[in-house]
Amino acid sequence: MTHLGVEICGLKLKNPTMLASGVLDETGRSMLEVACAGAGAVVTKSVGAQPRHGHPSPCIVELQDGLLNAMGLPNPGIDIYAAEILEAKMGGVPVIGSIFGGDEREIADLASKMQVTGVDAVELNLSCPHAKGYGAEIGSTPELVESVCKHAKRACSIPVFAKLTPNTSSISSLAQAAERGGADAIVAINTLKGMAISPVAKMPILGNKVGGLSGPAIRPVGVRSVYEIFEAVKIPVIGVGGISCGYDALEYIMAGAVAVQIGTGVWSEGVGVFGKVCREIMQFMDENGYSDISEMVGVAHPARP
Amino acid sequence: MFTIAEHTQETPSIKTIRFKETLSATPAQFVMVWVPGVDEFPMSASYTGHGFGITYQILGDGTRALASKEVGDRIGIRGPYGNGFVLHGSRVLVVAGGAGMAALGPFIEEAAAKGAAVDVVIGARTAEEILFEKRSMLAGGRIHISTDDGTKGLKGFATELASSLLDKERYDCMYACGPERMIVGLLKLATEKGIPIQASLERLMKCGIGICDSCALDGKHVCKDGPVFSETDLRAMAELGKTKLDHAGRKVPI
């Protein structure tokens, strides 16, 4: 019997697909719909200390092979977010609270408050490429990543995932720093920093000028990142970037991911993408003699001694 | 980018832009309109196909900047997005409040062209703000007017006019676009009379493509599941007529 269930830092997922932060996850009800559509877990939109409007529009540019976005971390603020978590939890799958902050103290405070909302784990957004003072701006050096993870870990007693940026010369150094800081798992990757210009308007299209590239275009970067991180750390890795079918997820799993997150795939496939990816993974397992996801994790690497 | 072919004043607060480009859309489908350097916002197609157009009320910085654009100027258009009105039956009642008529104009033409008998209720604040009266008449619609101040037609709301029509006539379906309190009222009427209703809703919209969650309404997304919702969905919406999300995703009263 093919088994799709996975366990990450004590969180039991019925399948290895998770909703990635930033997509259909501002409201609890939308997360509930995604859970009902088959996701094994959902991650909230990144929540900060204060309500935040995000960047001026346009916030999205549709490209042939992905999306460029500069939402700018809009969120209602941690103090009123518990109601959304409560509703999301009705989906019966683990809910992971994503947070962003400007320094260690703010992130520690948010981690503690996020735990109180009832989430099963906290994901640290150390990687948003387009919000001044947040995200990748405090997640680009190993020193800061280690320090932020340490403070977040001290402030809460649930698992802490560190979501890392690929906009760096060595993502595995960031992963090692997160592991030293006590992070329980690594999530890789966030979007790649990018820009689109309208030649007719003679200006960048996004209101924020700079945004983050997601979707199929970045999958090879994500797979390579997970592959490198898997060899650099002992904690579990969750793969994200350009997954919209079973084979995409299998690339990440074989690179070393214990689970995957899907965001932009919801744009191209709708919320049915989670069920679709699971069915296709299961079919591959049946055809290739695998009975448990764990048998495939990291098999693309030469045998470890 | 699309090039402006015509820019006309419809009422003191409503203007129409027709483009040189062709874009086919189902009535009530919308496009995201980018005024470079200012803002991007959703607008329903008021003319579709050749001579594609949008009709908008000047409300904020974005539409004010749009209003200053001239023939030959170019603006960004992406879409069309969302679903649209679907003609159901051969005798229909269309109810528009204010600029809501923008999305209904092309529907009235389509329904009449397909042979349906179309009663059109146009509600406006005052006589000079009535939109697409002549256009609807030319399409073959039977026009009924209400104004808040009584300067034309019935003094009162479009829902009152719709209610008296529903008492006299039997319709196969009702179609609505306008203020949400009007849609709530029409939904109640449709439920009482046992007829289906399709209503086009409006929410703050950022991505327009079903991912950012800013237009969420009880787990549905106006940009992708809508903007047109039918009675079953509308009745299940606890937030309808009560709350909407602001730019930060906070639920605020409508």
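From a predicted model like this one, the values you see are computed outputs, not experimental measurements.
Only the side chain of B/Lys251 comes within less than 4.5 Å of a heavy atom of chain A; its backbone N, CA, C and O stay farther away. Only the side chain of A/Leu67 comes within contact range of chain B, with at least one heavy atom under 4.5 Å from a heavy atom of that chain. In this structure, chain B has a heavy atom under 4.5 Å from the side chain of A/Lys45, while its backbone stays farther away. For B/Arg74, the part lying near chain A is the side chain, with the backbone staying farther off; criterion is any non-hydrogen pair under 4.5 Å. Residue A/Asn69 does not touch chain B at all, counting heavy-atom pairs closer than 4.5 Å. Interface residue A/Ile80: only side-chain heavy atoms are found under 4.5 Å from chain B. Both the backbone and the side chain of A/Pro58 come within less than 4.5 Å of a heavy atom in chain B. Only the side chain of B/Leu245 has a heavy atom closer than 4.5 Å to any heavy atom of chain A. With a 4.5 angstrom heavy-atom cutoff, A/Glu33 touches chain B only via side-chain atoms. Contact annotation for A/Thr27: both backbone and side-chain heavy atoms come within less than 4.5 Å of a heavy atom of chain B.
The greatest number of non-hydrogen atom pairs below 4.5 Å with chain B, out of A/Ile60, A/Leu73, A/Asp25, A/Val266, is found for A/Ile60. Interface summary for chain B: among A/Glu62, A/Met71, A/Lys202, the most heavy-atom pairs under 4.5 angstrom belong to A/Glu62. Annotation: maximal heavy-atom pairing with chain A below 4.5 Å, among B/Ala216, B/Ser214, B/Cys212, occurs at B/Cys212.
Closest approach of A/Ser30 to B/Asp213, counting heavy atoms only: OG-OD1, 2.6 Å. In plain terms, the two heavy atoms of A/Phe161 and A/Ile96 that are nearest each other are CE1-CD1, 4.1 Å.
Judged by a 6.0 Å distance limit and a 45° cone about the ring axis, B/Arg135 is positioned over the six-membered ring of B/Tyr47.
Put simply, the side chain of B/Asn83 gets close to the backbone of B/Asp225: a donor and an acceptor are under 3.5 Å apart.
In this structure, A/Phe274 and A/Leu19 have side chains that are in contact, with non-hydrogen atoms separated by less than 4.5 Å.
Aromatic ring pairs are classed by plane angle as parallel below 30°, tilted from 30° to 60° and perpendicular above 60°; the pair A/His53 and B/His247 is tilted.
Within 6.0 Å of the CD atom in B/Glu192, the count of heavy atoms belonging to other residues, nucleotides or ligands exceeds 12.
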- Stepwise side-chain contact (heavy atoms from CB on, under 4.5 Å) test for B/Phe2 and B/Phe52: CA-CA 10 Å; B/Phe2 278 32; B/Phe52 169 78; 4.1 Å; yes

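Comment: A/Arg29 does not engage B/Glu239 in a salt bridge, judged by the lack of any side-chain N to carboxylate O separation of less than 4.0 angstrom.
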